[in-house]
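All residue numbers refer to positions in the sequence shown, counting from 1.
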Amino acid sequence: MIMADPQFDGVYGPFTITASDRAEVQRYRFCLLISGIAMTAGLLHWWLIGSQWAWVWLMPLCIGLGLALQWIHIYLRPLHQALQLFWLMGCLGWLVLMWKVSPGQALQTLGLHPLWILAVGPLFAALTGIGFKEFFCFRRPEAVGLTLLLPIALLGRLTGLVGTSSCMGLMLIAALLLLVLSMRKFGMDAAADVGDKSVFAYLDAQRQVANP
């Protein structure tokens with residue numbers, strides 16, 4: 001027997017959570033987990049082994065975060081697009097940094113010259129946005145920790161108020177919180193991540209009226 005898709009009562013009418021919705025949620029969660037693993041492993045690699053090859057972990061971090069932003073459900077389209085733009089700017093910033101000094105010297109250069117944070121920081125701004133969204137929707141303490149620690153670490157290092165080791169320590173804690181956040185999400189119903197689809201439908205209808 002084929003089970004019918006579950007239906008819910010939304011703010012603007014009933015809606016259904018489909019198999020496609022559930023697949024998107026699983027992809028979002030999996031990509032968020034990849035981002036958390038990559039960020040944690042990269043920082044530990046840098047701290048314990050050195051920066052020469054730690055940059056390799058940037059690739060799964062950037063890819064995982066970019067795909068997570070593709071499948072995340074955010075009601076406000078401008079906010080969603082802003083986070084994707086931050087992600088793109090941050091990825092381009094990392095490419096410029098690695099082109100300027102070589103991949104093997106990129107992290108060491110970043111540690112010695114904090115102004116490069118202006119170039120690569122938007123990537124972590126996008127990650128901070130995800131943390132804010134997760135806290136706003138689910139009130140998870142690890143989400144608010146992620147949202148606060150990344151800006152404190154990077155802006156503190158940029159302004160000279162936080163040293164390199166302290167910055168790395170704060171970012172490692174944020175990465176571990178991201179791991180906790182992403183793993184805990186696998187126990188949630190997919191409908192929680194999809195949200196109220198009637199709101200999405202209403203906002204889409206409003207945009208069509210405004211831009212016929």
With a 4.5 Å heavy-atom cut-off, do [X] and [Y] have their side chains touching?
{"X": "M171", "Y": "L149", "value": "no"}
{"X": "D196", "Y": "Y12", "value": "no"}
{"X": "K197", "Y": "D21", "value": "yes"}
{"X": "W94", "Y": "L110", "value": "yes"}
{"X": "W57", "Y": "L44", "value": "no"}
{"X": "R29", "Y": "D193", "value": "yes"}
{"X": "K100", "Y": "T109", "value": "no"}
{"X": "W71", "Y": "L67", "value": "yes"}

Mind checking the [atom1]-[atom2] spacing from [X] to [Y]? Nearest 0.5 Å is all I need.
{"X": "L33", "Y": "R184", "atom1": "CG", "atom2": "CZ", "value": "14.5 Å"}
{"X": "L150", "Y": "I173", "atom1": "CG", "atom2": "CD1", "value": "11.0 Å"}
{"X": "L97", "Y": "L92", "atom1": "CG", "atom2": "CG", "value": "12.5 Å"}
{"X": "Q52", "Y": "W46", "atom1": "CD", "atom2": "CH2", "value": "13.0 Å"}
{"X": "L127", "Y": "L178", "atom1": "CG", "atom2": "CG", "value": "5.5 Å"}
{"X": "I17", "Y": "R22", "atom1": "CD1", "atom2": "CZ", "value": "8.0 Å"}

Heavy atoms only: give me the nearest [X]-[Y] pair and the separation to one decimal.
{"X": "C167", "Y": "V162", "answer": "N-CG1, 3.4 Å"}
{"X": "S182", "Y": "L179", "answer": "OG-O, 2.9 Å"}
{"X": "A143", "Y": "L181", "answer": "CB-CD1, 4.3 Å"}
{"X": "A153", "Y": "L170", "answer": "CB-CB, 3.7 Å"}
{"X": "P122", "Y": "G90", "answer": "CB-N, 3.7 Å"}
{"X": "T147", "Y": "G131", "answer": "OG1-C, 3.0 Å"}

> Under the side chain to side chain contact (heavy atoms under 4.5 Å, CB included) criterion, do E142 and L146 qualify, and how do the steps go?
Replying inline: CA-CA 6 Å; E142 61 270 22; L146 172 67; over 6 Å; no
Look at the side chain of [X] and the backbone N and O of [Y], then say whether any donor-acceptor pair between them is shorter than 3.5 Å.
{"X": "Y28", "Y": "Q70", "result": "no"}
{"X": "R27", "Y": "A68", "result": "no"}
{"X": "R157", "Y": "G111", "result": "yes"}
{"X": "S166", "Y": "G163", "result": "no"}
{"X": "S35", "Y": "C31", "result": "yes"}
{"X": "S51", "Y": "L107", "result": "no"}

Can you hop from [X] to [Y] via hydrophobic side chains spaced under 4.5 Å?
{"X": "L88", "Y": "L58", "value": "yes"}
{"X": "V180", "Y": "F124", "value": "no"}
{"X": "W47", "Y": "W53", "value": "yes"}
{"X": "F186", "Y": "L177", "value": "no"}
{"X": "V101", "Y": "L115", "value": "yes"}

>> Test side chain to side chain contact (heavy atoms under 4.5 Å, CB included) on V96 and V120; report intermediate values, then the result.
In response: CA-CA 9 Å; V96 170; V120 305; over 6 Å; no
>> Can you see whether F135 has R139 sitting over its ring - NZ or CZ less than 6.0 Å from the centre and within 45° of the normal?
In response: yes
> Taking atom CZ of F136 as the centre, does the number of heavy atoms from other residues, nucleotides or ligands within less than 6.0 Å exceed 12?
Replying inline: no
>> I'd like to know whether L158 forms a side chain to side chain contact (heavy atoms under 4.5 Å, CB included) with L154, so could you lay out the CA-CA distance, the side-chain angles of the two residues, the decisive distance to 0.1 Å, and finally the verdict.
In response: CA-CA 6 Å; L158 181 62; L154 294 174; over 6 Å; no
> Yes or no on side chain to side chain contact (heavy atoms under 4.5 Å, CB included) for W55 and Q105, after CA distance, side-chain angles and deciding distance?
Replying inline: CA-CA 9 Å; W55 66 271; Q105 298 297 316; over 6 Å; no
> Mind checking what makes side chain to side chain contact (heavy atoms under 4.5 Å, CB included) contact with A175, not counting sequence neighbours?
Replying inline: M39, T40, L43
Identify every side-chain donor-acceptor pair in residues 76-84 under 3.5 Å, counting partners at least two apart or on other chains, and give the distances.
from, atom 1, to, atom 2, distance (Å)
R77, NH2, D204, OD1, 3.3
H80, NE2, L69, O, 2.5
Q84, NE2, L69, O, 3.4

